[in-house]
Amino acid sequence: MNEGWIVGALAALLAASYVNIQVANSEGRDQAISRFFVPVLFGISLLVLWQGIVRGFNVPGVILPAPSDIWARFLASTSILWQDFVQTFVKGALSGYVMGAFAAFATALLVDRSDFLRRGILPVGNFMAALPIVGIAPILVMWFGFDWQSKAAVVVVMVFFPILVNTVEGLRATDMMQRDLMQTYAASYWQSLLKLRLPAAMPFIFNGLKVATTLALIGAIVAEFFGSPIRGMGFRISTEVGRLALDMVWAEILVAAIAGSAFYGAVALLESFVTFWHPSQRRSR
Amino acid sequence: ADDVTLQLKWVTQAQFAGYYVALDQGFYEEEGLNVTIKPGGPDIAPAQVIAGGGADVVLDWMPSALASREKGLPLVNIAQPFKSSGMMLTCWKDTGIEKPEDLKDKTIGVWFFGNEYPFLSWMSSLGIPTDGSEGGVTVLKQGFNVDPLLQRQADCISTMTYNEYWQVLDAGVTPEELITFKYEDQGVATLEDGIYVMEENLADPEFEDKMVRFVRASMKGWKWAEENSDDAAMIVLDNDETGAQTETHQKRMMGEIAKLTAGSNGALDEADYQRTVDTLLGGGSDPVITKEPEGAWTHQITDKALN
Amino acid sequence: MTDATMTAPARSTGFGRAVRGTWNAVFPVVVVVSVIFAIWYAACVPMNIKAALDQAERDGVIVNPAGATARDRRDMSAIGLAFKNPEQAGDTFVQERPRLPAPHQVARELWKTTGDMVLRGKAFSKRSLLYHAWVTLSATVLGFAMGTVGGVALAVGIVHSRVMNMSVMPWAIASQTIPILAIAPMIIVVLNSIGITGLIPKAMISAYLSFFPVTVGMVKGLRSPDGMQLDLLKTYSASQGETFWKLRLPSSMPYFFTSMKIGMAASLVGAIVGEMPTGAVAGLGARLLAGSYYGQTIQIWAALFSAAILAAVLVGVIGALQRMTLKKMGMVR
Amino acid sequence: MNTTSQPVIVAEKLDLTFQTNDGPVQALRDVNLTINKGDFVSFIGPSGCGKTTFLRVVAALEHPTGGQISVNGMTPDEARRARAYGYVFQAAGLYPWRTIEKNIMLPLEIMGYSSDEQAEHVDRVLKMVDLEGFGKKYPWQLSGGMQQRASIARALAFDAGILLMDEPFGALDEIVRDHLNEQLLALWDRTGMTVGFVTHSIPEAVYLSTRIVVMSPRPGRITDVIESTLPRERPLDIRDTPEFLEIAHRVREGLRAGHAYDD
Amino acid sequence: MNTTSQPVIVAEKLDLTFQTNDGPVQALRDVNLTINKGDFVSFIGPSGCGKTTFLRVVAALEHPTGGQISVNGMTPDEARRARAYGYVFQAAGLYPWRTIEKNIMLPLEIMGYSSDEQAEHVDRVLKMVDLEGFGKKYPWQLSGGMQQRASIARALAFDAGILLMDEPFGALDEIVRDHLNEQLLALWDRTGMTVGFVTHSIPEAVYLSTRIVVMSPRPGRITDVIESTLPRERPLDIRDTPEFLEIAHRVREGLRAGHAYDD
Ligand SMILES: Nc1ncnc2c1ncn2[C@@H]1O[C@H](COP(=O)(O)OP(=O)(O)OP(=O)(O)O)[C@@H](O)[C@H]1O
Ligand SMILES: Nc1ncnc2c1ncn2[C@@H]1O[C@H](COP(=O)(O)OP(=O)(O)OP(=O)(O)O)[C@@H](O)[C@H]1O
Ligand SMILES: Cc1ncc(C[n+]2csc(CCO)c2C)c(N)n1
Ligand SMILES: [Mg+2]
Ligand SMILES: [Mg+2]
C-alpha cells in the first residue's frame, strides 16, 4: 500500500470539486467555456482518483490497469484500434443504425396510418424489444455470418424498437387544435404529415435516435463475442481479456466511450438544429 | 478442514470428472479439505480469477498459463493430470482438404480467449500466414459451438476429441464426410488442463501442504474416474446446475477423457513441457512467448503427493 | 375517495363495454401474432432446407438438383432449393438443431421445461425454466431496486445542485457508451477480489444498466413543473423540501413510471449477462449459453422467449402500479 | 352589399351528446338556427354552453348525434373539403417551427396558391392585424396578444366564404380589440362573407353582429336570438347611442337568465 | 374603514431589462409608484407593457436591474418570506394531482395552519367563488372558468396583506365576472387588504379601483395614474353614472395614447 498516492488523489478530487463548485455558482456559469470546463475537470478528477487507487493499493494490472497505462497502450496501438473501430463502429454499428432507423421510420408511418396495426404491432414490438440481445446475437451470427453483416443485424434489432415507439408516439403528439386546423383546410394525409405531424414528432424521434446511439455501439460490440473475424472492438476485448492484456481492453473501451459520446453528441447537435423551436432547446430561463 | 477453491476452465462436464469424483467420493474430505469447485465459461479467464483472489488453484492450458506468466502473473504448474492433447481441427472433406498444406485459402474457425496459441504456432510452423495476407488462411473467431461448420460458414473448425467432434456427429454428419487433424499427430500438441497456483504461495508451507493433499486427492479422483467411467459421468451430471448436459454425451466424453489422462500420474513430464515451450517459441513473427520461461512448473507438490 | 374512483368506470360503463374494450385491445394483437407465425413457419423452409437436404442425402434420397454436393448447395439459393425439393419441406419443421426452429418446437420445449415440470412436481428442478427464471428474477429485482434508488438519488442531486448538473450529466451519458456487457466478466472478477460475491455482483450489473434511464426520466420529471407552478410556491415562501414533496415529486410521477419500465427491461438484460461470468450455472442467461454451447437452438429460443415473457410480466407489474398510483393521484382521466 | 336572404348554414333540431366517463354530457340540444349569406352572427353565453361545440359542428370537426345541419346546401364535411371555412381557434395554435409569415402561408400552401400570391396575401393580412415587420419572427418571440393576431391573420389569408371565430379577441386589450373590431367589420363589409363569432363581451357582440345568439348551458341550447337594428355602417361611437345600449341590455337580460345567481 | 396613508409598496426609478437572444428588452423603465395600505390599484395597458413584470417584481419573483422597491418597509424578498402575498396568476395553474379542495389547502399546509383551520378556510373561499360542492373534483373535471375561480379561491384562502392578481377574470364571461367583481370588492372592503390588479377591461378597472395605473410598452413605463373619485361603496349600476363614464373615458384616452393607430 502506498498512502501518498491515495492522499494525493483524494486531495486532487477535493480541489477539483471545490473549483467546480466555484465555477458552477459563478456569474459565467452559462458560458460555453464553463459548460465545457466543469464536466472535464470532474472527469479528470475521477481519473486521478482511479490512478491513485490503482497505484496506492498496488492493484495488479491484470485486474485493473491504471489510466496512465491505458493511455500508453492507446497511443502505442492506434493502428489496431483504428482497424477495430472501422470494423465495429463504421461497418457494424453505423450501418445497422442507419438501416434500423429507416426501417423503424417506415414501419412507424405504416403503423400510423392504421389504428388497427398500431394496436396490433406496438404490444408485439414491446415484447420483441425485451428479447435479450445476448440471446439474439448467436442466432443472428448463425444466420448472417461472422463478418459485420451479423453485427449490423443485431444493431438493427436493437435500435428498431426504441425508434419505432418514439416515432409512433411523436406522430400522435400533435395537439387537437393543431390537427383541427389542418382539418378546416381539408389538408390531405401527406400534407398534414409533412407540414404538421413530422415537425411536431421531431423531438420524440430524436429521443429515440439518441437512445439508439448507445444501443448501437453496445450491440455491435457484444455481437462480436459470438463469432467474428479477427478484428473488431468486441473481438479484441474478449480476446485480450483471455490474454490478460487488460490495458488493451481498456484502450478499446476508451475508444468505445469516445466514439459513443461523439455519436450521441452528433445526434444531439443535429437535434438542436432540427428542433430549435422546442422549449427544451430554447434556454431562456 | 482447510478451504480450497478450484476454478475450472470451462463449464461442468466430464472434462473435469476427476475433481467432481474426488469431491463426491469424499477423497478431498479424507485429506481434510473443503473444496469448492467453480465452473468456468467462455468469458472466464482462470488466470484473472486467481489474480483477483477468487480461487486458490486453477485449471488452465499451458500456452495460456505461460503467456500469463510473461504478462507478469507468476503462475506455476504443480500437476498435470492430462498427458495428451485433445485438440484437433475438423474439416469438411468435400472442400478438398487432405493434408495441412491444403488449409491455405480456407476459412478456419479458431477459439480465442487464450486458446488460440496452439493453432497460431501450428500455422507458423507450416508457414501459413494467419493475418489475412495472400496465401494464408482466413481465421474466424469461432463461437461456443460447432454451428460454423454445420452452416458451412467455415471449412474447418477447432474441436476437442471429447466434445465438439461428437456434436458434429450428433448433428447427423458421418465421420466419412469429415477429415480431422489432431494436434498430437501434427507434432504441435501443447499441454492442456494443468493445475496452476500463484508462485508466491508455494513458499508458504501451509499452502504447500494443502496443495499436496489436493493433488493427491484429485489424482485419486482421476484414477477412479478412469476406472468407473459411466459412474463418473453420472457424478458430473449430478453436479451440473444448468441442467443442460445429457447423459449420453457425458458418458461418451468421459470415455474420451480417460484416453487423455491415461499415462499421467499427475507429475508433469519435462519432455512434454519442453515440447510445449518449443512449439510456442516457434511462433514465427508473433510468438506466444518470447523467451524460455523460468520456474513455470515444479515437482515440489507432486513429489510429496505421489510418494 | 379511492374506492369511488376505482369503481366508477365499471359502474357507469357496464360489463359489455369492458369486454368490448378488452377485445379491441386483444384482437389486433392476435391478428398480428398470427401473421408473424405464418411468416415464421414459411421462413422455416428455406432457413432449414439445406440441412434437411444433407440429411435426406445421407439417408439415400436423391435430392434436386441431382449431382450437386452439399458443398455445391452451400452456394445455392435456399428458396430455390426449397422449390426444387418440396418433399423435404416437411423435414424442416422437425429438425433437432434447426437454424430456425418452428413455433411449435419452441412451444413444446417451453411446455416441457415449465408446465410439464410443474405437473410432474419438479417445478424447481435444475431442468425447469421456472427455476432458472426465478434465479434471474432475484438478481433482476435486486439490481433494479439498487438502480432505481441510485437513479432517483442522482436525479434529485442533479436537479438540486448546479455543480452536479453541470459535471455529472455528461458523464452519465458517457457511462452508457461503455460496453458494460463486454466487460461484465472483468467486473465480476474485480468485485470478487474485493470480497463481493454471490447475488450482488450480478445485481450491480443490472443496477448499472437500469440507473441511467431512471436518472434521465426523473431529471425530466422533476424539472417538469412549469415556471408558474414554481412561482406559486415561491409566493408562499415554501422551502426546497416542500417544493420537492408537494410539487416536483408528484409532477414527476408519470415520468418515474415510464423510466422504471425501461429500467426494468435493462435490469433483466443485466442480470442475464451477469450470469455468464459467474460460471453460468443457473438462470436464463446460463440456459441461453448452455443451449449455445451445444447448438441447441430450440433451447435457446425457449430461454429467449421466457426472458421476454419475464420482462413483459415485470413491465406489466410496473404498468399496473402506475395505473393504480396515477388513479389515486387523480391523474388519469 | 349583398344582403340577400340566401341561407348558408341551416341547423335543425341539432343534438350533440358527448359520452364521458362520468356519463353523457349534452353539449347541444335541439338547436335550430339559420344563418344567411353575409350574416354576422355572434354567439354569447356562459362557459360550457356549447358555443365552441356549435362552431365545431359547423366546421365538421364534430359530428352531431341528432338533427340536421347543412352548409351551402352540402354536409359540413363536403363544405370542409370544398374549403369553405376559415377558423380562428380559442387559442392561437401557431406552429412553433414556422415563422409568423410561414404560419400564415400554411393554408395557402395546402390550397395550392402560387408563391407570388402567397407573399401578397401574407403582406396584406399582416398589415391588417398590425404585425408588419414581425413576419420573420417565431411565435414564441411574440407576446400572447400578437400571437392571437397572427392566428387571425392566418384565417383571413385565404378567401373562405365562411369565417368562424372562437373568442378571437379574448387575450387582447380594449384598444387593440376596438381596432380589430373595426378592421373585421370593414373586411366583412367588403367581402360579404358569412361570420360566426363567439365572444364573452356583450358590447363586442352588439357592435359587430347582425344577429346575436344567446345560449345557456346544461344542456347547451339557444335561449334567445336578437336581431340587431343597427345600420351596417358602424363607427366606434355608435356604442354610446341609446339604440346600442338597448340591444346590449336585452343581451344582458338574456344572459343573466342563464345564470344561477339572481341578485 | 382604514384609509390611512401608510405606504405599503414603494417603487422608485425601477428598471428591469431582460437579456434575450435578440438583445435586451426593457420591460420596465423608470417606474415610480407608491401604493398605500388598503389601496386597490389596477394596472392597464397594451400587451407587453410590463404589467405582469411589475407584479412579479413586487412579489420578488423577478429582480429589478435598477432602482429601489420596498414592501412593508422590507425588500420584496423579505416580504415574501414573511408571507405577505397572495398571487393569482394569468392562468389557473392548479396542480392536477390535487382535488380543488387540496389545491386550496396547499398554501395553508405550507404555512402550517391546523387541519381544522384548513377545512374552515376552504369552505369559506369555495363559497365565495361559488364552487361549493366541487371541492372533491379534480381540476380537469372543471371548465376553464371554474378552474380560474378555484385559483382565485386559493389565493384568498390565507390572510395575505397584499393580494396581487394578474388578469384573474380574463377567461370568464361578463355575468360571472360582474358577480366576482362584487365579491372581490366586498372582500377588500371587509379585510382592508392592499390589492394590485391587472386587467384589460376598462370598466372593470374603473369599477374596482381606487387608483388606475396606465402603462405603455417599449419600454414598459407608467404613462398615467388616475385617482378614482368614486365612493368606496359601489353597486354594479354605478357603471352607468356620468362620473364612472368620465373616469373610463380618461383611462381610454390614456390607453389610446400608448397605441400606434391614431384613428
Ligand atoms: N370532447 C369533449 N368531450 C366531452 N365533453 C366535452 C367535449 N367538448 C366539450 N365538452 C363539454 O361540452 C360542453 C360544451 O362545451 P363548449 O366547449 O362548447 O363550451 P363553450 O360554450 O365553448 O365554453 P367556453 O366559453 O368555456 O369556451 C361543456 O360541458 C364541455 O365540458
Ligand atoms: N422572462 C422573460 N424574458 C425575456 N423577456 C421577457 C420575459 N418576461 C417578459 N418579457 C418581456 O417583457 C415585456 C413585458 O412583459 P409582461 O409579461 O410584463 O407584459 P404584460 O404587460 O403582462 O403583457 P400581457 O398583457 O400580454 O400579459 C414584454 O416585451 C415581454 O416580451
Ligand atoms: C469461447 C470459447 N473459448 C474457448 C473455447 C475452448 N475451450 C476451452 S476449455 C474447452 C473444453 C470444452 O470442451 C474448450 C473447447 C471454447 N469452446 N469457447
Ligand atoms: Mg369555447
Ligand atoms: Mg401579463
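A, B, ... follow the sequence lines: proteins, then strands. Residue 1 opens every chain. Every heavy atom of this structure was used, including side-chain atoms; hydrogens, water molecules and symmetry mates were not.
Using non-hydrogen atoms only and a strict 4.5 Å limit, the part of residues 179-190 of chain A facing chain D consists of A:Asp180, A:Leu181, A:Met182, A:Gln183, A:Thr184, A:Tyr185, A:Ala186, A:Ala187. Contact annotation for residues 100-116 of chain D against chain A (heavy-atom separation below 4.5 Å, listed by residue number): D:Leu106, D:Pro107, D:Glu109, D:Ile110, D:Met111. By a heavy-atom distance cut of under 4.5 Å, D:Ala60, D:Leu61 are the residues of residues 57-69 of chain D near chain A, going up by number. Listed in order of number, the residues of residues 192-200 of chain A that approach chain D to under 4.5 Å between heavy atoms are A:Lys195, A:Leu196, A:Pro199, A:Ala200.
Proximity to chain A (any heavy atom under 4.5 Å) is restricted, for D:Leu94, to the backbone atoms N, CA, C and O.
Within a 6.0 Å sphere centred on CZ of A:Phe102, other residues, nucleotides and ligands contribute 12 heavy atoms or fewer. Within 6.0 Å of CZ on D:Arg29 lie no more than 12 heavy atoms contributed by other residues, nucleotides or ligands. Atom CZ of D:Arg124 is surrounded by more than 12 heavy atoms from other residues, nucleotides or ligands within 6.0 Å. Within 6.0 Å of CD1 on A:Ile33 lie no more than 12 heavy atoms contributed by other residues, nucleotides or ligands.
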